Amino acid sequence: MKFSIVALTLALATGTLAGDPSTLSNKTYTLYQAWDAGRMLWHYTFNVTSVSDSTPLKVAPTVPIYKFVLNASDDPHNTTQLSLIDFIPGDAGYSDLWQIVKVVVPQGLAVVKSIDQLNLLVTNKTATLYPTQIYVNCPVVGATSTLENPKDAEFVTGYYKGVNASWFDFGPNPNGNATAPLYHVNTPNGIVELTDTVPGDAGYSAFWNIFTYDASNSNVNFTSVTQLSNPTYAKTLANCPVTKVGPAVANGTTTTPSASPKSSAAVTLFPSGLLTVAVMMVLGATLGL
Ligand SMILES: *[C@@H]1O[C@H](CO)[C@@H](O)[C@H](O)[C@H]1NC(C)=O
Ligand SMILES: *[C@@H]1O[C@H](CO)[C@@H](O)[C@H](O)[C@H]1NC(C)=O
Ligand SMILES: *[C@@H]1O[C@H](CO)[C@@H](O)[C@H](O)[C@H]1NC(C)=O
Ligand SMILES: *[C@@H]1O[C@H](CO)[C@@H](O)[C@H](O)[C@H]1NC(C)=O
Ligand SMILES: *[C@@H]1O[C@H](CO)[C@@H](O)[C@H](O)[C@H]1NC(C)=O
Ligand SMILES: *[C@@H]1O[C@H](CO)[C@@H](O)[C@H](O)[C@H]1NC(C)=O
Ligand SMILES: *[C@@H]1O[C@H](CO)[C@@H](O)[C@H](O)[C@H]1NC(C)=O
Ligand SMILES: *[C@@H]1O[C@H](CO)[C@@H](O)[C@H](O)[C@H]1NC(C)=O
Ligand SMILES: *[C@@H]1O[C@H](CO)[C@@H](O)[C@H](O)[C@H]1NC(C)=O
């Protein structure tokens, strides 16, 4: 009797400590539309996290991704085996943003599928770690997940605690681990999203501090952050890589924000996990939903 209770407790503890990639949901991630200075842009939404700090985060949290190479000067794509990670969604400390750590290994080394194995190799000096300042945006997802436009990111398989895990590789986040602001404007026609940075701009990052702005009694067509004053920080960090930007429009041109369901906060910021309720409560309170 006592034995089986102990065994059950251990089994549960292991399940909690080591996530199971086969429990991650498989879905097609869709694009959402936002505006930057009158231009339409489109982004995906991955991890949405409620944060405790009352000031916007300057940098997004990161975790390592290990890339195995023969020489520290090798390109991180020039690997000897699949990459290794130690966090998946649901694990405490998980982040979609990964710091590349090169692992220099001898030729012909047996495949390394877990951090425990890697640690042994580092301890006995078979492998050497070289952390880089390259941060890649790699949301871990279910093994058969897809993107609305599959060409937007590479679908990659790697190892996690001895088993396979899968992620979309959006490549290096253009501004390292820095964040950028994204504004959710509550209009009579639904939520309109505004930003002032897109890929190619100096300040662009896919890791957004979410701000909200109440315009529920306004008839303004919002297409630029210059139309906002004193937005409220929603204590939320969201990974929303922008993959498409429309043509610039002449200033003064009237553009009507799309009122499609995709631009509503509830859809746009729908997080894929345990934090759904917390995030919705934060946004709900802020937006008066
Ligand atoms: C997603 O698909 C993979 C591969 O078929 C499967 O192993 C996994 O269990 C699926 N996830 C869920 C939550 O069903
Ligand atoms: C690693 O690459 C550098 C630069 O190409 C080279 O000088 C060095 O000899 C290489 N080291 C090994 C162990 O191959
Ligand atoms: C790829 O790895 C091989 C073996 O270490 C090395 O000779 C070559 O220069 C590397 N290429 C790049 C682009 O790093
Ligand atoms: C989202 O990322 C945060 C850290 O940024 C992490 O604590 C949380 O577990 C992640 N949530 C999901 C559902 O992946
Ligand atoms: C280092 O540890 C690994 C894994 O335990 C083992 O395969 C390898 O032979 C060890 N190498 C040395 C030089 O001790
Ligand atoms: C953020 O990136 C900078 C520059 O690469 C680095 O110096 C710093 O340690 C990073 N901070 C965190 C919290 O990862
Ligand atoms: C793990 O991924 C590799 C590379 O995609 C694949 O060859 C292998 O069959 C996968 N293993 C399992 C158990 O799915
Ligand atoms: C918003 O756009 C609509 C459709 O183009 C237009 O009829 C309306 O006058 C615009 N409102 C303002 C305040 O510019
Ligand atoms: C519109 O005005 C902004 C700010 O004055 C400027 O940065 C942008 O280049 C202008 N766009 C066009 C298409 O003229």
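Both ligands and their constituent atoms are indexed starting at 1 by order of listing. All values reported here derive from a predicted model rather than from experimental measurement. Residue numbers start at 1 and run along the sequence shown. The analysis underlying the following values was restricted to heavy atoms, covering all of them including side chains, and did not include hydrogens, waters or symmetry mates.
If you check the side chains of Asn173 and Ser205, you find a donor sitting under 3.5 Å from an acceptor. There is no side-chain donor-acceptor pair under 3.5 Å between Asp96 and Asn137. The closest side-chain donor-acceptor pair between Ser114 and Asp116, if any, does not fall under 3.5 angstrom. Side chains of Thr144 and Asn26: a donor on one and an acceptor on the other come within 3.5 Å. Residues Asp53 and Thr55 bring no donor and acceptor atom of their side chains to less than 3.5 Å of each other. Defined by atom type and a distance below 3.5 Å, a donor-acceptor pair is present between the side-chain atoms of Asp152 and Asn149.
Applying the ring-ring contact (aromatic ring centres under 6.0 Å, His included) test to pairs two or more places apart or on separate chains, those with a residue in residues 185-210 are Tyr204-Trp208.
Contact atoms of ligand 1 toward Leu24: 11 (N), 12 (C), 13 (C) (distance under 4.0 Å to a heavy atom of the residue). Numbered from 1 in the order shown, with element, the atoms of ligand 3 that lie under 4.0 Å from a heavy atom of Leu70 read 4 (C), 5 (O). Listed by atom number, the atoms of ligand 1 under 4.0 Å from Thr23 heavy atoms are 13 (C).
Ligand 3 has an N or O atom lying under 3.5 Å from an N or O atom of Asp75, backbone or side chain. Residue Ser25 places no N or O, backbone or side chain, under 3.5 Å from any N or O of ligand 1. Between Asn78 and ligand 3, at least one N/O pair is under 3.5 Å apart.
Closer than 4.0 angstrom to ligand 7 by heavy atom are Leu82, Thr157, Asn164, sorted by chain and number.
Each of Val104, Leu121, Val122 was scored for a side chain to side chain contact (heavy atoms under 4.5 Å, CB included) with Leu129, with one residue passing: Val122. Just one of Trp35, Phe222, Phe211 meets the ring-ring contact (aromatic ring centres under 6.0 Å, His included) condition when paired with Tyr183; it is Phe211.
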